[in-house]
Amino acid sequence: MQDAEFRQVADILLRRTGRRLSPEKAYLATSRLGPLARSKGLGDPAGLINALPSQPDAHVADEIAAALVPKETWFFRGRPMLERLAASLPARIAPGRQTLRIWCAGAGTGQEAFSLAILIGALPGNMAERVELVATDLSLHAVRRARAGEFDHFDVQKGLTATELVSHFRPLASGAWQASPALSGRIQFRQHNLLDGADDLGTFDIILCRNVLSGMTRRASLQALGTLEAALAPGGQLILGESETLAGLTGRMAPSQSLRGAWARVSEAGRAEGASVVA
């Protein structure tokens with residue numbers, strides 16, 4: 001990859017994800033963009049980059065950026081947090097309330113959303129029918145894979161118990177596994193970039209944005225955090241990755257008093273808002 005091509009790729013990554021790519025990682029860009037270039041019939045990364053001005057697909061720049069973002073996800077990643085969250089849901093859905101909305105931001109190929117959907121499906125009564133689960137990712141390719149709900153043998157071995165696998169997925173002739181219609185039907189998958197705002201998504205009672213902000217520049221983190229805060233309903237909670245914190249980024253959010261590991265808006269009284277149930 002030539003220097004000019006690398007600079008263009010690095011600029012796309014910074015603008016679309018808030019992440020920096022140093023020149024010594026040019027080899028990484030070449031390796032990761034190769035499959036995308038071939039899928040577009042453009043041969044190699046140079047062909048992909050040179051064709052950008054004429055590409056009718058508005059998502060190509062996002063796909064370039066997404067290809068360069070580290071991908072590390074598996075089913076039930078941070079299982080204790082997901083289980084605490086699911087256990088707190090019945091108390092949040094008060095009598096007379098129609099739905100509770102959850103957003104999985106930066107959901108990749110959907111393992112986090114499917115994991116949460118499994119836990120929600122095990123809630124008593126008709127609770128699962130009253131939870132709206134939305135999962136988004138920068139990559140349209142990843143979103144399409146998530147909608148298909150197909151995972152290879154390696155994917156399903158990471159995080160799923162044998163019981164969860166056979167209960168919620170069916171084997172395919174290819175050796176892959178596909179999420180059941182009942183499980184897939186609990187999730188809405190959409191393409192979305194946190195740096196573009198989220199007015200079209202509405203507001204949410206719970207937002208999971210795990211292991212996303214920490215890879216961004218401070219400026220991009222603040223921009224993405226603004227999107228998340230604007231989409232958080234009154235009393236709502238934001239869940240980050242286990243090693244992530246909002247300390248030093250904002251004074252408007254504080255550790256939740258009702259859900260360990262979550263963050264909530266700070267009220268006028270100086271306390272974190274949130275549901276009264278402790279999980």
Q: Ignoring hydrogens and angles, state whether a donor on the side chain of Ser256 or Gln237 is under 3.5 Å from an acceptor on the partner side chain.
A: yes

Q) Is any side-chain N of the basic residue among Arg16 and Asp196 closer than 4.0 Å to the acidic one's carboxylate O? A) yes

**Q.** Asp11 and Gln8: CA distance, side-chain angles, deciding distance, side-chain contact (heavy atoms from CB on, under 4.5 Å) verdict
**A.** CA-CA 5 Å; Asp11 179 65; Gln8 190 170 354; 5.7 Å; no

**Q.** ILVMFWY network linking Leu165 to Phe114, side-chain heavy atoms under 4.5 angstrom
**A.** yes

Q. Can you tell me how far the CG atom of Leu33 sits from the CZ atom of Arg38, to the nearest 0.5 Å?
A. 10.5 Å

Q.
I need the Lys71 NZ to Thr109 OG1 distance, nearest 0.5 Å.
A. 9.5 Å

Q: Identify whether Leu14 and Val69 are in the same connected component of the hydrophobic contact network (ILVMFWY, side-chain heavy atoms under 4.5 Å).
A: no

Q | Heavy atoms from other residues, nucleotides or ligands near CG of Asp199 exceed 12 (cutoff 6.0 Å) | A | no

(Q) Do Val166 and Leu172 land in one hydrophobic cluster if side-chain heavy atoms of ILVMFWY residues count as linked below 4.5 Å? (A) no

Q: Decide whether Met81 and Trp74 are clustered together by the hydrophobic rule: side chain heavy atoms of Ile, Leu, Val, Met, Phe, Trp, Tyr closer than 4.5 Å, transitively.
A: no

Q: Can you measure from CZ (Arg130) to CG (Leu123) and round to the nearest 0.5 angstrom?
A: 11.0 Å

Q | Minimum heavy-atom distance Ala262-Ile239, with the two atoms named | A | CB-CG1, 3.9 Å

Q) Is there side-chain contact between Leu222 and Leu249, with at least one heavy-atom pair below 4.5 Å? A) yes

Q) More than 12 foreign heavy atoms under 6.0 Å from NE2 of His168: is that the case here? A) yes

Q: Look up atom CG in Leu246 and atom CG in Leu240, then write down how far apart they are to the nearest 0.5 Å.
A: 4.5 Å

Q. Is the number of heavy atoms from other residues, nucleotides or ligands under 6.0 Å of Arg20 CZ greater than 12?
A. no

(Q) Is any side-chain heavy atom of Glu132 closer than 4.5 Å to one of Gln188? (A) yes

Q: Please round to the nearest 0.5 Å and tell me the distance separating atom OG of Ser243 and atom CZ of Arg210.
A: 11.0 Å

Q) For Gln157, does the CD atom have more than 12 heavy-atom neighbours from other residues, nucleotides or ligands under 6.0 Å away? A) yes

Q.
Let me confirm one number: the CZ-CH2 distance from Arg170 to Trp177, rounded to the nearest 0.5 Å.
A. 11.0 Å

Q) Considering only heavy atoms from C-beta outward, does the side chain of Ile102 approach that of Phe204 to under 4.5 Å? A) no

Q. If you group Ile, Leu, Val, Met, Phe, Trp and Tyr by side-chain heavy-atom gaps below 4.5 Å, do Ile64 and Leu138 land in one group?
A. no

Q. Can you list the steps and then say if Thr73 with Arg77 is a side-chain hydrogen bond (donor to acceptor under 3.5 Å, both in side chains)?
A. CA-CA 7 Å; Thr73 186; Arg77 183 180 186 181; 5.4 Å; no

(Q) Contact between Leu208 and Leu85 at the side-chain level, heavy atoms closer than 4.5 Å - yes or no? (A) yes

(Q) Assess the residue pair Gln191 and Ser139 against the criterion (side-chain hydrogen bond (donor to acceptor under 3.5 Å, both in side chains)); give the C-alpha distance rounded to whole Å, side-chain angles, the decisive distance to 0.1 Å, and a yes or no. (A) CA-CA 6 Å; Gln191 192 274 342; Ser139 169; over 6 Å; no

**Q.** Trp103 vs Leu228 side-chain heavy atoms within contact, under 4.5 Å
**A.** yes

**Q.** Beyond-backbone contact of Gln178 with Ser184, side-chain heavy atoms, under 4.5 angstrom
**A.** no

Q. Which heavy atom of Glu5 sits nearest a heavy atom of Ala46, and at what distance?
A. OE2-CB, 3.5 Å

Q. Going by heavy atoms in the side chains, are Asp155 and Asp152 under 4.5 Å from each other?
A. yes

Q) For the residue pair Phe75 and Phe151, does the interplanar ring angle fall in the parallel (under 30°), tilted (30 to 60°) or perpendicular (over 60°) class? A) perpendicular

Q: Check whether any side-chain heavy atom of Thr245 sits under 4.5 Å from a side-chain heavy atom of Trp263, and report yes or no.
A: yes

Q. Hey, which of Ile120, Leu89, Ile93 is the one that makes side-chain contact (heavy atoms from CB on, under 4.5 Å) with Met127?
A. Ile93

